[in-house]
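Beneath this line is the structure, given in structure tokens, with notes to follow.
None of the values given here were measured: they were computed from a predicted structure. Residue numbering restarts at 1 for every chain, and letters A, B, ... go by the order of the sequence lines.
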Amino acid sequence: AQSVAQPEDQVNVAEGNPLTVKCTYSVSGNPYLFWYVQYPNRGLQFLLKYITGDNLVKGSYGFEAEFNKSQTSFHLKKPSALVSDSALYFCAVRDGGSYIPTFGRGTSLIVHP
Amino acid sequence: SQTIHQWPATLVQPVGSPLSLECTVEGTSNPNLYWYRQAAGRGLQLLFYSIGIDQISSEVPQNLSASRPQDRQFILSSKKLLLSDSGFYLCAWKGAAGSGELFFGEGSRLTVL
């Protein structure tokens, strides 16, 4: 079984400040972890993934995420937020042997000018 | 490069009418294909996935069906729409091998009146 939780429905941050969007997961095997972003009325866009290797993963648009095995977390981060980062962010997890990722409910990120 | 096309982008249908949403992928072979529905509350619900032609798994019993008549074509259908079928429908693909992320189409917004 696999599951993912995004504990915050919404995150507010001022432009220029660092941002964190939280994600915790549960899988029975090795976790494949993903972050996606969705702008209004658009499909999801892939940001970054962790499969193996370095715990800090860098992705598109200056985003990064840190895999923490002991805390079963994969939080999304960015050192300096932009207003254009405002969107809906989804964390997803997949057991290595599965075809199907499980998505979190999404976190709405609002960056204030 | 790979691309995914999904249409129509928007449609308004009366209750009881049929539905056909189409998704095609270019630039890859034997992809895994997925249909998701995103209701107003934001979460993604997996409806169907397919690992090959005429190999389709249904995740949720419902008023919808899916078909994969060709390797890179995935069709979502209904014979009689219900009000509850309204939502944002997303098609996605993943490479058959490896750890790959999903690539999403731009979505089809269905309103059933």
(request) Dump the intermediate steps for side-chain contact (heavy atoms from CB on, under 4.5 Å) on A:Leu19 and A:Leu109, then the final yes or no. (result) CA-CA 9 Å; A:Leu19 69 87; A:Leu109 173 66; 3.8 Å; yes
(request) Quick one: do B:Phe48 and B:Ile75 satisfy side-chain contact (heavy atoms from CB on, under 4.5 Å)? Show the steps, please. (result) CA-CA 10 Å; B:Phe48 301 93; B:Ile75 298 172; over 6 Å; no
(request) For side-chain contact (heavy atoms from CB on, under 4.5 Å), just list the numbers for B:Glu106 and B:Gln6, CA-CA rounded to whole Å, side-chain angles, deciding distance to a tenth of an Å, and then say yes or no. (result) CA-CA 7 Å; B:Glu106 287 301 302; B:Gln6 189 179 339; 5.8 Å; no
(request) Just do the side-chain contact (heavy atoms from CB on, under 4.5 Å) check on B:Phe74 and B:Trp93 with the steps written out, would you? (result) CA-CA 10 Å; B:Phe74 205 23; B:Trp93 74 272; over 6 Å; no
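Of the atoms belonging to A:Gln45, not a single heavy atom falls under 4.5 Å from chain B. For A:Thr102, no part lies under 4.5 angstrom from a heavy atom of chain B. If you measure heavy-atom distances from B:Ile51 to chain A, the contacts under 4.5 Å come from the side chain alone. Residue contact with chain A, scored on non-hydrogen atoms closer than 4.5 Å, is absent for B:Phe103.
Side-chain contact of B:Thr24 with B:Arg72: a donor-acceptor pair under 3.5 Å is absent, judged by distance alone.
Between A:Tyr36 and B:Leu102 the shortest side-chain heavy-atom distance falls below 4.5 Å.
Relative to the ring axis of A:Phe34, A:Lys49 does not place its NZ or CZ within 45° and under 6.0 Å from the centre.
The interface of residues 10-22 of chain B with chain A, defined by heavy-atom distances below 4.5 Å, is empty.
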